[in-house]
Amino acid sequence: MDGNGRWAAQRGWPRIKGHKAGVKAVEAVLEAAVAEGLGHLSLFAFSTENWKRPGPEVASLMALLRMYLRMFRRRFLEKGIRFHHLGASAGIPEGILRDLKELEAATASHPGLVFHLALNYGSRLELVEAARRCVADGLGAEAITEESLGARLWTGGAPDVDLIIRTSGELRLSNFMLWQSAYAEFYVTETLWPDFGGAQLRGALEAYHQRERRFGGL
Ligand code: FPP
């Protein structure tokens, strides 16, 4: 969800106002994703590297997340959305972690869209933890396969990524789903995240449907 800071700076506002506007975009995109019948939507809210940001910005972001996750709860229940926290638990403030777990449990049986919120997420850490889990589960070298390792990622059970949307014109993966996006299609837009909404998501999906996916074949 890139570009919140720049969106605020363009208006001479503090960065947190950009993040607040970013939450409105989350609402709009979630709604459109449900309407479009998507199976999975993953949003990258906070990386394992984002803790390096100034303390006040991190604190405000965490407070914002907590407040809005509580507000989103009713919508998840109404729309049958299943919530999933994607990321490491260690390092997340206890109250937020409790809320995340509670939201996962309350929506676990929901049949609709699975909303993966990447929070304290880093793809390299995810891979290291999956490897550690293979060892803890007693897997020998031959038992380590794409399936057994993939199943131990935080996304275990979710399909591979089909489409990565990158807002604000950034042209890198930023440690996001390195394994899962092996054959993902890329869609890069100059639109800053707070200006991204249902129409922009539909535009990205249209572009995606024009692509010919070969998965390395002919
Ligand atoms: C990146 O923009 C955005 C973030 C680090 C935070 C995104 C989080 C939210 C929008 C809150 C989501 C809340 C819920 C409830 C899902 P940036 O700050 O790096 O912007 P810049 O690149 O313009 O500086």
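Counting starts at 1 for both ligands and their atoms, following the listed order.
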Participant: With a 4.5 Å cut-off on side-chain heavy atoms, are Phe72 and Glu27 touching?
Facilitator: yes
Participant: Please list the nearest protein heavy atom to atom 11 (C) of ligand 1 with its residue and the distance rounded to 0.1 Å.
Facilitator: Val23 CG2, 3.9 Å
Participant: May I ask you to decide if Ala28's main-chain N or O and Glu31's side chain share a donor-acceptor pair within less than 3.5 Å?
Facilitator: no
Participant: Can you tell me if Arg124 uses its side chain to pair, donor with acceptor, with the backbone of Leu178 under 3.5 Å?
Facilitator: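 No.
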Participant: How far is atom 13 (C) of ligand 1 from the closest protein heavy atom, and which atom is that?
Facilitator: Leu65 CD2, 3.6 Å
Participant: If hydrogens are left out, which of Leu64, Asn4, Thr167 has an atom nearest to atom 10 (C) of ligand 1, that is, the closest non-hydrogen atom?
Facilitator: Asn4
Participant: Classify the side-chain pair Gln180/Thr155 by whether it contains a donor and acceptor separated by less than 3.5 Å.
Facilitator: yes
Participant: Please work out which of the three classes, parallel, tilted or perpendicular, describes the rings of Phe176 and Tyr121, given edges at 30° and 60°.
Facilitator: perpendicular
Participant: Note the single closest protein heavy atom to atom 18 (O) of ligand 1, along with its residue, its atom name and the distance in Å.
Facilitator: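 Atom 18 (O) of ligand 1 sits closest to the protein heavy atom Arg15 NH2, 2.7 Å.
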Participant: Examine distances only and state if a side-chain atom of Ser181 and a backbone atom of Val161 form a donor-acceptor pair shorter than 3.5 Å.
Facilitator: no
Participant: Using the ring centroid of each side chain, check whether Tyr187 and Tyr208 are separated by less than 6.0 Å.
Facilitator: no
Participant: Backbone or side chain, does any N or O of Arg6 fall under 3.5 Å from an N or O of ligand 1?
Facilitator: yes
Participant: Checking the N or O distance criterion of under 3.5 Å, is ligand 1 in contact with Asn50?
Facilitator: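 By distance alone, the answer is no.
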Participant: Go through it in stages, so that I can follow the logic: the residues are Asp162 and Arg213, the test is salt bridge (Lys or Arg N to Asp or Glu O under 4.0 Å), and I'd like the CA-CA distance, side-chain angles, deciding distance and then a yes or no.
Facilitator: CA-CA 10 Å; Asp162 290 312; Arg213 303 187 73 194; 2.8 Å; yes
Participant: With no hydrogens and no angle check, is any side-chain donor or acceptor of Asn120 less than 3.5 Å from a backbone partner on Gly87?
Facilitator: no
Participant: Provide, to 0.1 Å, the distance between atom 6 (C) of ligand 1 and the closest protein heavy atom, together with that atom's residue and name.
Facilitator: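 So the nearest neighbour among protein heavy atoms is Ala45 O, 3.2 Å.
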Participant: Please write down residue, atom name and distance for the protein heavy atom closest to atom 3 (C) of ligand 1.
Facilitator: Met1 O, 3.2 Å
Participant: Any N/O of Arg53 closer than 3.5 Å to an N/O of ligand 1?
Facilitator: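 Between Arg53 and ligand 1, an N or O pair is found under 3.5 Å apart.
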Participant: Heavy-atom contact check, 4.0 Å cutoff: does Ser168 meet ligand 1?
Facilitator: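 Ser168: no contact with ligand 1 (<4.0 Å).
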Participant: Under 3.5 Å between some N or O of ligand 1 and some N or O of Gly5?
Facilitator: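 Right, the criterion is met.
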Participant: Under 4.0 Å, heavy atoms only, figure out whether ligand 1 is touched by the backbone of Leu117, its side chain, both or neither.
Facilitator: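 The part of Leu117 near ligand 1 is the side chain, not the backbone.
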Participant: Within a distance under 4.0 Å of any heavy atom of Tyr68, pick out the atoms of ligand 1 and give their elements.
Facilitator: 15 (C)
